[in-house]
Amino acid sequence: MTVAHPLEIRQLLAEAAARLPGVEGRHEAELLLLHVLGQERSWLFAHATDPVDAPAEAAFRQLLQRRIDGEPVAYLLGRRGFWTLDLAVTPATLIPRPETELLVELALERLPPDRALRVADLGTGSGAIALALASERPQAQVLATDMSEDALQVAASNAARCALDNVRFAQGPWYAPLAGERFNLIATNPPYIAADDPHLLQGDLRFEPATALASGADGLDDIRVIVAGAGAHLVEGGWLLIEHGWDQGPAIRALLEQAGFVNVSTATDLEHRDRVSLGRRP
Ligand code: GLN
């Protein structure tokens with residue numbers, strides 16, 4: 001069907017918002033259209049009645065259909081804001097979550113700004129944790145690791161774009177890339193979902209890398225390995241911080257205590273759910 005006149009931005013957005021489910025529909029439609037038009041949100045206010053040319057409309061409709069089919073907005077935009085950083089994300093990386101900013105806050109409380117501390121982020125994905133810590137602590141040396149070479153490439157390109165030169169990257173599982181090294185703080189947002197959890201088949205999770213999400217029958221397979229190996233890679237008094245699911249706090253505190261950690265605790269997120277457990281090597 002040929003439309004006689006180009007649609008105005010506000011007409012296209014209203015139509016798209018009606019097709020996207022949920023309260024976020026209007027906001028998501030705006031993000032996708034602004035992405036196609038290469039504009040910022042602030043631009044929209046004064047341009048709502050501008051006509052949308054045919055190529056832009058076609059590109060927008062393609063993105064809209066992919067969103068209706070379930071693809072996460074962050075993958076469609078290729079970006080996600082985390083902490084103060086604008087990060088590139090691809091389907092090789094988990095999409096950084098706002099909850100993970102709690103882990104960053106807890107880590108920063110344990111990293112005095114005036115010292116050349118050594119920090120590791122295990123399973124860095126897009127680099128979210130490593131880059132947030134590196135940006136807040138320019139004197140720290142941060143090592144970011146991942147199993148996935150593709151994810152590390154995304155993380156390294158994010159470091160370059162954020163002009164952070166105090167992060168290095170190494171490929172491999174958990175402590176393999178840390179061989180022979182000790183750190184003042186190890187942070188990780190590992191996979192922690194039980195392999196048969198139905199949430200893996202819903203929403204954004206369907207499109208994210210399974211290896212970044214699921215970890216054995218109770219979701220704790222990777223966390224057991226991380227806790228068991230941490231002592232050999234922390235200095236005395238060094239901290240281990242682990243993000244996890246809302247119902248895993250007691251089990252992870254028990255693992256930390258069995259491994260000899262002290263000052264073991266769990267911090268809750270804005271929804272008052274257990275989110276990050278931590279302990280200190282004596
Ligand atoms: N550390 C990354 C993040 O917090 C990736 C975590 C993961 O892939 N499990 O977003």
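- The heavy-atom pair separating Ile95 from Pro72 by the smallest distance is CD1-CB, 3.4 Å.
- Using a cutoff of 4.0 Å between basic side-chain nitrogens and carboxylate oxygens, Glu257 and Arg253 are not scored as salt-bridged.
- Atom CD of Glu236 sits in a sparse spot, with 12 or fewer heavy atoms from other residues, nucleotides or ligands closer than 6.0 Å.
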Run Tyr175 and His233 through ring pair (Phe, Tyr, Trp, His ring centres under 6.0 Å) and show every step you take. CA-CA 8 Å; Tyr175 295 104; His233 295 285; 5.1 Å; yes
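- Of the possible polar contacts, one joining the Asn166 side chain to the Arg137 backbone as a donor-acceptor pair under 3.5 Å is found.
- Using a 4.5 Å heavy-atom threshold, the side chains of Leu117 and Phe183 count as separate.
- At distances below 3.5 Å, not a single donor-acceptor pair connects side-chain atoms of Arg275 with backbone N or O atoms of Glu99.
- Within the 3.5 Å criterion, the main-chain N or O of Leu106 finds a donor-acceptor partner in the side chain of Arg110.
- With a 6.0 Å radius and a threshold of 12 heavy atoms from other residues, nucleotides or ligands, Glu40 has its CD atom at or below the threshold.
- Gln39 places no side-chain N or O within donor-acceptor distance of the main-chain N or O of Leu34, the cut-off being under 3.5 Å.
- When atom types are taken as modelled, the side chain of Arg161 and the backbone of Asn158 share no donor-acceptor pair closer than 3.5 angstrom.
- Within the model, atoms CD of Gln248 and CZ of Arg273 stand 12.5 Å from one another, a figure rounded to the nearest 0.5 Å.
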